[in-house]
Amino acid sequence: MTATALQTKFHPVLEGTLQLEVTNVSAQTDSITSITFGDPLGELLPSYVPGSHLVVQYGTGANAYSLTGAGNAPREYAISVLRVEDGAGGSLAMHALSVGDRVQVSRPRSAFAPAATAKHHLLIAAGIGITPVLSHARYAAEWGASASLIYVHRPGTGAHVQDARDLLGSGLTECTDRGSFQEVLTRKLTTQRLGTHLYVCGPADFMDSVLEQARDLGWPKGLLHSEAFSAAALDDGQPFAVNLARSGITVEVPAGVSLLETLENAGLSIPNMCRKGICGECAVPVLRGVPQHRDLYLTDQEKADNTTMMCCVSRSLDPELELDL
Amino acid sequence: MNTVLNDTVRDTDVLPERIKHFPFPFSGDIYRYSANVEPSRKIITTEAGAWGGRLVHIDEHYLAELKDRDEVLERDPSRLQVLPHMRPAVWDAISTLLPALVEEYPDTLSFAREGNSCRWRNSLQDLDVEFTIGDDTSLPMGPLRFLGSQIQDDLVFLDHRQDALWLDAGVVTFAADWSVGFDVGMKFMEVHHPVPRVKEEKIASRAEQFLMRLQPGEQYRRTNWTLTIDRRLDTSTETYPDWAHDRITIADDPALPDRLHLRVEVQHMIRLPHSGAVLFMVRSYLLPLSDIARVPVWRENMGRVLAELPDDMAEYKGIIHYAKAASDWLLAN
Ligand code: HEM
Ligand code: FES
């Protein structure tokens with residue numbers, strides 16, 4: 001192994017988004033397609049935490065998809081997408097992709113991470129919910145952690161069934177109907193060793209039912225994990241306008257752009273440091289309107305007063321705010 | 001002792017590198033705790049130069065400080081702690097920091113990775129090692145000690161669970177009066193328990209919330225400061241008997257301006273990409289008051305900050321016995 005053969009560079013992470021190329025498209029089942037994205041220059045992609053998702057842009061929309069790999073210095077990001085005929089269009093756009101297409105994706109975001117201290121990982125998936133859980137199973141295999149999986153899928157329509165079998169062997173229980181799943185679930189929920197963490201992904205009512213049964217059987221909240229897309233991210237928010245009383249101008253704050261950035265673009269110089277709602281530097285006085293407080297700095301009382309807002313993260317509940325600027 | 005106390009020293013070209021890149025922490029005449037976090041790698045210009053363009057900074061003390069760390073670890077292995085579940089986080093830090101170092105020092109360092117096989121070359125240490133990510137035996141001194149032998153920063157790893165951060169691993173040889181052996185296994189809030197004001201002012205709880213929301217790839221930093229007598233990096237609780245007594249005698253020592261150092265920690269906080277652990281890096285810089293005084297604005301700022309600092313903070317920082325002597329010297333003339 002020569003040093004030059006080992007030479008690798010890391011993908012420059014440009015402001016959080018990556019432009020990647022579709023490197024493979026393959027049908028998992030009639031309605032589920034796996035798509036892989038790679039760096040156009042073949043460089044390594046940023047690693048990710050198991051259970052992470054990728055926000056993939058399509059046309060004017062964007063959808064979050066779970067990554068199915070282990071996430072260790074990957075060459076490719078792989079997602080599997082279920083076609084939803086009457087959805088918002090994201091899944092149809094994904095299914096229309098072909099090798100060589102360029103897509104804009106977020107950096108992987110983590111909101112369904114494995115617990116490092118778990119003695120055992122009990123993974124539970126229904127249908128397309130297999131995707132993040134498969135990532136967990138791969139990570140467990142990477143580090144020799146103990147894991148088992150209950151996978152509910154209708155015969156012949158399950159994605160990644162062979163992957164799951166290869167990874168988990170006898171740790172995999174496949175269920176193809178509700179009745180047998182309920183039996184397996186009850187047994188597993190009552191026979192886990194101490195320190196087991198449970199992870200569930202699937203349709204919302206499926207997740208709710210599993211979590212409720214676990215809680216009823218005395219599982220503490222801290223051991224239960226369910227996939228919650230983008231819970232970790234501050235969303236783009238709604239557009240609004242700010243009227244700057246002293247400057248005598250009104251500026252529009254588009255969705256996805258912070259008030260701080262908007263004020264800076266308008267030529268105002270606002271003290272700031274963290275740009276993340278914690279340091280307290282970017283406070284601006286509010287004269288009229290109700291801010292949507294999203295910071296960690298102001299106290300509850302200060303937030304209720306609505307006379308100050310942290311313009312790096314907070315937005316407006318009203319269509320227009322008036323600021324003493 | 002010949003100290004330049006001349007207000008006409010404006011030409012920063014004559015200042016040595018150690019002063020030019022020093023992360024002077026005061027921007028005014030009053031210092032209070034705050035959630036002073038900001039994005040990493042932003043260059044901050046100071047009266048004397050600039051600092052902060054890098055995540056990992058190698059300076060002229062590189063070899064000496066790493067030798068110091070190695071000796072501390074030989075004497076006291078408890079300065080390195082890894083709870084078993086933090087092994088992946090340590091490997092994650094290796095796979096993240098070594099390439100980051102190469103990006104910053106491509107002429108002296110190189111890192112290559114194929115799958116989990118890695119080769120690391122460090123010409124500053126005349127080092128060429130091959131190892132396998134995830135295989136602890138591939139680095140004879142152990143992965144965390146190895147990483148600690150490549151960068152001047154102390155490293156602390158926090159696991160995110162049960163809506164809290166837990167200090168579950170670290171290699172900390174240059175602690176400013178605390179002990180990683182004592183703190184390992186504690187929650188972030190417990191770690192900050194001895195610090196005055198931060199509970200009342202909710203600084204620690206806000207900081208923890210912020211850190212728990214960090215996403216992989218995001219990098220933040222903050223500074224913290226204290227005073228240290230002599231160029232002593234190891235002021236850990238464990239060696240207290242070696243250094244605490246100087247704190248009583250320094251006020252009357254005519255060599256105070258050369259012996260007393262402003263100690264600034266540049267602390268980086270990143271979410272490791274694969275394990276999801278939070279990595280807290282502490283890089284300590286020491287600069288004697290005699291050097292501080294060569295920059296007139298620094299001399300005045302620091303003199304006033306020390307004169308104004310409330311007793312509870314001065315007491316906590318362990319500088320209460322000599323803060324006034326230091327301030328008097330800085331503000332004289
Ligand atoms: C990410 C992980 C962090 C770790 C592991 C950490 C750890 C520590 C430790 C061990 C101490 C010394 C406590 C003692 O005396 O025993 C300390 C002090 C302190 N920490 Fe942190 N800290 C972290 C982040 C932060 C952040 C983000 C902030 C604020 C935004 C903060 C604010 C402080 C303050 C104000 C002190 C007192 C420093 C002094 O006056 O010398 N820490 N921290
Ligand atoms: S810039 Fe820190 S709270 Fe807004």
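These values consider heavy atoms only, across backbone and side chains, with no hydrogens, waters or symmetry-generated copies. Just so it is clear: chains get the letters A, B, ... in the order the sequence lines come, proteins before strands, and each one is counted from 1.
At a 4.5 Å heavy-atom cutoff, the contact between A:Tyr297 and chain B is made by backbone and side-chain atoms alike. Only the side chain of B:Asn116 comes within contact range of chain A, judged by heavy atoms closer than 4.5 Å. Residue A:Glu281: no heavy atom, backbone or side chain, is found under 4.5 Å from chain B. Contact annotation for B:Ser34: neither backbone nor side-chain heavy atoms come within less than 4.5 Å of a heavy atom of chain A. Contact annotation for A:Pro108: only backbone heavy atoms (N, CA, C, O) come within less than 4.5 Å of a heavy atom of chain B. Heavy atoms of B:Asn36 lying under 4.5 Å from chain A belong to its backbone as well as its side chain. With a 4.5 angstrom heavy-atom cutoff, B:Arg161 touches chain A only via side-chain atoms. With a threshold of 4.5 angstrom between heavy atoms, B:Leu272 approaches chain A through N, CA, C or O but not through any side-chain atom.
Side-chain polar atoms of B:Gln267 and B:Arg221 form no donor-acceptor pair below 3.5 angstrom.
Between B:Phe26 and B:Phe24, the ring planes are perpendicular. Angles over 60° get that label, and only those under 30° would be called parallel. Using cut-offs of 30° and 60° on the angle between ring planes, the pair B:Trp298 and B:Phe22 is tilted. Ring geometry, B:Phe188 versus B:His192: the interplanar angle falls from 30° to 60°, so the pair is classed tilted.
When B:Met86, B:Glu218, B:Lys202 are compared by the number of non-hydrogen pairs under 4.5 Å with chain A, B:Glu218 comes out ahead. In terms of heavy-atom pairs under 4.5 angstrom with chain A, the leader among B:Gly134, B:Pro88, B:Ala207 is B:Pro88. Comparing A:Gly222, A:Ala118, A:Ala116 by heavy-atom pairs within less than 4.5 Å of chain B, the highest count is held by A:Ala116. Among B:Phe210, B:Trp91, B:Trp166, the residue making the largest number of heavy-atom pairs under 4.5 Å with chain A is B:Phe210.
To the nearest 0.5 Å, the span separating CG on B:Leu98 from CD1 on B:Ile151 amounts to 8.0 Å.
Residues B:Gln219 and B:His268 have side chains not in contact (no heavy-atom distance under 4.5 Å, counting atoms from C-beta outward).
Taking a 6.0 Å sphere around CZ of B:Phe182, one finds it holds 12 or fewer heavy atoms contributed by other residues, nucleotides or ligands.
At least one donor-acceptor pair closer than 3.5 Å links the side chain of B:Ser40 to the backbone N or O of B:Tyr220.
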